[in-house]
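These notes concern the structure reproduced below.
Proteins get letters first, then strands, A, B, ... in listed order; numbering begins at 1 in each.
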2 protein chains.
Amino acid sequence: MKELFDYFGQLIKLSETEIAAIQKTCSIKKGSKQEIIEAIGSTANAIYFLRSGVVRTFYYKDGIEVTEYFALAGDLVARVKSLLTNKPSAKAIQLLEDGELIAINATQFFELFKTYPNIERLYLLLLEASYIAVVERVENIQFHSAKERYAALILKEELMQKVPLKYIASYLGITQVSLSRIRANSTIS
Amino acid sequence: MKELFDYFGQLIKLSETEIAAIQKTCSIKKGSKQEIIEAIGSTANAIYFLRSGVVRTFYYKDGIEVTEYFALAGDLVARVKSLLTNKPSAKAIQLLEDGELIAINATQFFELFKTYPNIERLYLLLLEASYIAVVERVENIQFHSAKERYAALILKEELMQKVPLKYIASYLGITQVSLSRIRANSTIS
DNA sequence: TTAATCCATTAACATATGTTAAGTAATGAG
DNA sequence: CTCATTACTTAACATATGTTAATGGATTAA
């Protein structure tokens, strides 16, 4: 689980004991392309660290599937609202490539806060970073055109190679038809 | 400061000692309509609780002023990214009505975490709630038309009464002209 | 009070994105 | 390999929002 603890180590220094304690809450989950890791309607109880592959989270809005987030190897994924409220999630987590995840059991992880304040601190730092990321996403969505957002996203080459355009379109908040149009125009110039 | 501790008390039970400790980090700030409480370019070091009045946060995007957030009496306001990174903020906090704020000194507040784990826990709960609110804002922006977002916002009567439409428009991510058009259409139907 | 500025609306036209439908290319199941 | 399905593109038209400009009412400063 070296990758996971490298990731955490960038946020806070953890002792061997703390690492061991977290490790006990973890399990490995392998899956194949298209596989639903957590389904809509289930209550979240894991924070995932993606070791390899690509995953997305998605939900349905007026019967249409909407991609909320992509994660590549080295990213965390969770259905945060459901984790925090203990209510069924409207969102699903799906592998878009064969991949391997480290699943941190949230209940067990939160339990560790009582014994290891440092782990609670780690969680706090993760929350802060996520909060800033979402605020920036709001700014991005609200004040850039779909074309500009696409231009920014295209820089993440790995994503573009591995993710079908229909998911990219719904992530950008536009239809696949609009995305095609944008792609057609931007290659000309 | 009763209102503030009522607000916190809904999230976590605080002891008298803890309340007293937080209270020491607080000061009262009064201001008048239009007054800039924190200016663009300054580094944030306070979390505000609005006792009375209305405030907004805003920033400039390509030379155009963008309203990010409105707070009414009983809400918290902060320039979170700047608080957490200790870097100058691109955002400003402004009163839109005469009002009174409780300013929590962030440095002092964060210091309390060492002595009072419960206060760190309070902060964590505030972060969690804010995170969920921003994620919901993303969903709202990305998958509702400006018209729908306006229809939702109009329900907050106090806001509509006290906030000039130009700020509402920029909060909705549209021009004032578009908002006028939406308003004209929605009153007919 | 007057003049200047700001706020909100409206109109006319431009652009971006949605919707529907059709066609082609790529993928997957048997 | 073949067929069926899925992914992507393109076209035509509809709708939403942007841009610019003009106007009148409200607010503010002198």
List for me each residue that meets salt bridge (Lys or Arg N to Asp or Glu O under 4.0 Å) alongside [X], sequence neighbours excluded, and say none if there are none.
{"X": "A:K162", "result": "A:E158"}
{"X": "B:R149", "result": "none"}
{"X": "B:E65", "result": "B:R56"}

Angle, rounded to 10°, between the helical axes spanning five pairs at each terminus of the helix from C:dT1-D:dA30 to C:dG30-D:dC1?
50°

Return a single string for nucleotides 18-30 of chain D, one symbol per nucleotide in 5' to 3' order, where B is base contact, S is sugar-phosphate-only contact and - is none, cutoff 4.0 angstrom on heavy atoms.
BBB----------

By nearest atom, which of the nucleotides C:dC7, D:dT9, C:dT9 is closest to the B:S180 side chain?
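The closest nucleotide is C:dT9.
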
Which pairs of donor and acceptor atoms, one on a side chain in residues 80-87 of chain B, lie under 3.5 Å apart (sequence neighbours left out)?
residue, atom, partner, partner atom, Å
B:K81, NZ, A:E136, OE2, 2.3
B:S82, OG, B:A44, N, 2.9
B:S82, OG, B:K87, O, 2.5
B:T85, OG1, B:K81, O, 2.8
B:T85, OG1, B:K87, N, 3.4

Contacts of B:L165 meeting side-chain contact (heavy atoms from CB on, under 4.5 Å) (sequence neighbours excluded), chain-then-number -> B:M160, B:I168, B:L179, B:R183

Mind listing the residues from residues 137-161 of chain A sitting with a heavy atom below 4.0 Å of DNA chain C? Number order is fine.
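Those residues whose heavy atoms fall under 4.0 Å from DNA chain C, taken from residues 137-161 of chain A in numerical order, are A:S145, A:A146.
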
For residues 95-106 of chain A, pull every pair meeting side-chain hydrogen bond (donor to acceptor under 3.5 Å, both in side chains), keeping only residues two or more places apart or in separate chains.
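As it turns out, the side-chain hydrogen bond (donor to acceptor under 3.5 Å, both in side chains) pairs with a partner in residues 95-106 of chain A, which skip direct neighbours, are A:R51-A:E100.
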
Using the side-chain hydrogen bond (donor to acceptor under 3.5 Å, both in side chains) rule, collect all pairs that involve residues 108-120 of chain B, keeping only residues at least two apart or in two chains.
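Matches after skipping sequence neighbours: A:R121-B:E120, B:E18-B:N118, B:E111-B:K114.
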
In whole angstroms, the gap separating C1' of D:dT10 from CG of A:L165 amounts to 15 Å

For DNA chain D, find the residues of residues 90-100 of chain B with a heavy-atom distance under 4.0 Å and give them by number; none if there aren't any.
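Nothing qualifies; none.
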
Sequence-distant partners of A:Y167, ring pair (Phe, Tyr, Trp, His ring centres under 6.0 Å), two or more places apart
none

